[in-house]
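Only one structure is covered here, and it is reproduced in the block below.
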Amino acid sequence: MPTLLALDASSNACSAALMIHCDGRDEVLSRFALAPREHTRRLMPMVDELLAEAGIELCQLDALAYGRGPGSFTGLRIAAGVAQGLAFGADKPLLGVSTLAALALAAHRRYHLRYVMPALDARMGELYVGAYRCRDGELESLAEDAVLPPERLILPKGYEDTDWVGVGSGWALWESMPATVQAGISQCFNELAPAAEDMVRLATRQFAAGEGRQPHLVQPVYLRDQVAWQKGR
Amino acid sequence: MRVLGIETSCDETGVALYDTQAGLLADALYSQISMHAEYGGVVPELASRDHTRKLLPLIEEVLASAQLSRSDLDGIAYTAGPGLVGALMVGAATAHGMARALNIPVLGVHHMEGHLLAPMLEDAPPAFPFVALLVSGGHTQLVEVRGLGQYRLLGESVDDAAGEAFDKTAKMLELDYPGGPAVARLAERGDPTRFRFPRPMTDRPGLDFSFSGLKTHTLITANRLREAGEFDEQGRADIARAFEDAVVDTLVIKCRRALDQTGLKRLVVAGGVSANVRLRERLEQETAKRGAQAFYPRGRFCTDNGAMIAYVGAQRLLAGERDDSTMKAVPRWPLAELMPPAA
Ligand SMILES: Nc1ncnc2c1ncn2[C@@H]1O[C@H](COP(=O)(O)OP(=O)(O)O)[C@@H](O)[C@H]1O
């Protein structure tokens, strides 16, 4: 199994996690802090602490990963910058992990949930949302990660009768969601945030699937691309 | 000491390699001007996204052109401010990540200190102390420079920066963004005697500037020509010429005063507007008259670039100054707060 380091700054939380192997077993070491606007101060010491705790150097990693989004634009770029810089400096491949997939995995690992719709508040009256089927730590995406207003949220086609669970800050917009969605969601965990400890697990699978890339090719995935309006439109 | 310099404070991604013994080894720049031109100005979010796409490829390009590998670097400097915070963050994060992986020191430096010291990259650099005129899209300042980190603000614009006034005038004259060079080109064909625009704040002592009144004057003149049906190619060129003459005159008068006041004989002119040919001509005459000398960075180091950041970073890193593990992004940061290198 590969040794991986993952970073995340996509929300108010800041986190880092290391996947290592001792005595034939996988082990995940992690740091997590709710630290709004403090990512620039907290992220690098977390990396240092993890490497020290595991007693390894960056050059012993097989790859690095970061929460590629969706999430706070600036946060995504902080994590991307640090991860790209580390990977480029250490000459290692990089992976981008969906923050929504990480949320889904968090719900699955903690509560053994199978059908999870992660959603994050995207501001401007919209949310980022995905839909995942989770089995034995494996995730399958049932609808592409998207940005949309809560009023337009739908359950994934063919899974309208499934018992879905909502996770993440996006579910705070519950009141604005269509009745069909509300009826299909049996439970919500608004307080779960994307975390590197889930990303490092997802990244391990992505790495095994050959998804590691040169660092500059692994860009944030913002989902919201309309951020400016051209003259005269 | 070989230092990588990274500039991402606004709409150009600049990267360079400076060696404290051999000098500048390589530099590369990616300008987003054409992208922002579609929006009539810099869109901060788009600028930040583009830095994230372009930075590593530029670093690779610079290393390749100097025939060096990343392990040959001894330090990394990046622009920590002032500038657009999201854009600054890209350079800061990447610099810190890379420096950590390579186990070398990293330092966030001041963008305007980079501009101030950009002439040091030339073959005949000015000696300390000197007076510096910084004229860019965001700044118009006169600074007394005694040494690295020893800056005293002599005067600055109380409203618009000179470059900003050029850009706004360009809009009034229906020229494309960025406006400075376009106004200067149009002014070449203008009649210098048709209009005379005010020279703001030159009739009283002091080294501060103001360009917003000049902007209003330009607008009124443009509107008058339009009403008279004379807002043709020649009319616009005449306005451009009157505007340029007024700005250049104002800058020259204040530079002369700053040299008098400090008793210094060296004048450094930096920032985007220092590319203006008429300004350079007038400053040459003025300095020659008083046995002083003017220094300019080469054209491509007048505007934002990585070389000036690599240079300043190298001087400070060499003196032992470095960041701790916090990435610095300081959108507002007065130049006068800078200090000599802190080891
Ligand atoms: N030849 C010129 N004459 C007058 N202004 C110019 C000329 N060339 C560039 N400029 C002005 O310089 C500014 C850009 O300089 P730069 O140092 O990049 O500024 P900033 O980084 O503060 O925007 C713009 O306002 C532009 O219009």
Side-chain angles (χ1 to χ4, degrees), chain A residues 5 7 9 16 37-49 51 57-61 64 66 68-69 72-92 94 96 213-222 224-233, chain B residues 4 6 8 35-60 63 69-71 73 76 78 80 84-104 106 108 176-177 323-330:
Chain A
L5 174 69
L7 313 173
R37 312 187 69 89
E38 286 193 5
H39 302 98
T40 50
R41 197 165 64 78
R42 302 294 290 271
L43 201 50
M44 206 57 94
M46 286 183 173
V47 171
D48 289 336
E49 278 175 37
L51 292 172
E57 301 283 340
L58 276 167
C59 59
Q60 292 168 266
L61 297 175
L64 290 95
Y66 75 98
R68 67 172 189 205
S72 138
F73 296 163
T74 296
L76 299 183
R77 282 189 290 268
I78 290 173
V82 173
Q84 287 183 335
L86 286 169
F88 179 76
D91 204 5
K92 303 291 178 188
L94 185 61
R213 296 279 176 273
Q214 286 179 46
H216 73 274
L217 298 175
V218 187
Q219 292 289 320
V221 175
Y222 302 100
R224 180 181 285 145
D225 289 319
Q226 185 66 41
V227 294
W229 284 265
Q230 260 136 329
K231 274 193 296 189
R233 293 213 177 159
Chain B
L4 179 74
I6 296 175
T8 64
M35 171 178 85
H36 296 295
E38 288 178 42
Y39 302 92
V42 178
V43 183
E45 176 59 23
L46 293 182
S48 304
R49 290 186 181 191
D50 226 30
H51 288 308
T52 297
R53 276 190 292 268
K54 297 291 163 24
L55 187 50
L56 285 187
L58 282 177
I59 293 173
E60 295 216 51
L63 286 169
S69 83
R70 51 205 104 174
S71 56
L73 297 173
I76 302 180
Y78 62 95
L84 302 169
V85 69
L88 291 167
M89 217 69 105
V90 175
T94 309
H96 269 262
M98 238 181 109
R100 173 68 182 77
L102 295 169
N103 222 343
I104 53 177
V106 59
D176 283 337
Y177 167 92
D323 281 2
D324 58 16
S325 59
T326 299
M327 306 153 216
K328 275 176 75 180
V330 191

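Protein chains get the first letters and strands the later ones, always in sequence-line order, with residue 1 at the start of each.
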message: Can you tell me how far apart CG (B:L55) and CZ (A:F88) are? Round to the nearest 0.5 Å.
response: 9.5 Å
message: I'd like to know if the side chain of B:R53 and the backbone of A:Q219 have a donor-acceptor N/O pair within less than 3.5 Å.
response: no
message: Please check if the number of heavy atoms outside A:Q60 that lie under 6.0 Å from its CD is greater than 12.
response: yes
message: Show the nearest heavy-atom pair for residues B:A101 and A:G85, with the distance to one decimal.
response: CB-O, 4.3 Å
Any B:R100 side-chain heavy atom under 4.5 Å of A:D48 side chain: yes
query: To the nearest 0.5 Å, what is the distance between CD1 (B:I59) and NE2 (A:H216)?
result: 11.5 Å
- request: Determine the minimum heavy-atom distance between B:V43 and A:V227, stating which atoms define it.
  value: CG1-O, 4.3 Å
statement: One option among B:L102, B:T52, B:I104 has the most heavy-atom pairs under 4.5 Å with chain A, and it is B:T52
- request: Please look at A:L51 and chain B and tell me whether the side chain, the backbone, both or neither of the residue comes under 4.5 angstrom of a heavy atom of that chain.
  value: side chain
- line: chain A shares the most heavy-atom pairs under 4.5 Å, among B:M327, B:K54, B:E60, B:K328, with B:M327
- request: Give, for atom CG of B:L88 and atom OG1 of A:T40, the distance between the pair rounded to the nearest 0.5 Å.
  value: 11.5 Å
- request: With the side chain counted from C-beta on, respond yes when B:H96 and A:I78 share a heavy-atom pair under 4.5 Å apart, and no when they do not.
  value: no
field: Reported CD-to-CG distance for the pair B:E45 and A:D225, which is rounded to 0.5 angstrom
entry: 9.5 Å
task: Calculate, to the nearest 0.5 Å, the distance between atoms CG and CZ belonging to A:L76 and B:R49 respectively.
output: 9.0 Å
- prompt: Closest approach of A:R77 and B:A93, non-hydrogen atoms and distance?
  reply: O-CB, 4.4 Å
field: Leading residue by heavy atom contact count with chain A [cutoff under 4.5 Å; candidates B:A95, B:S325, B:G86, B:S71]
entry: B:S325
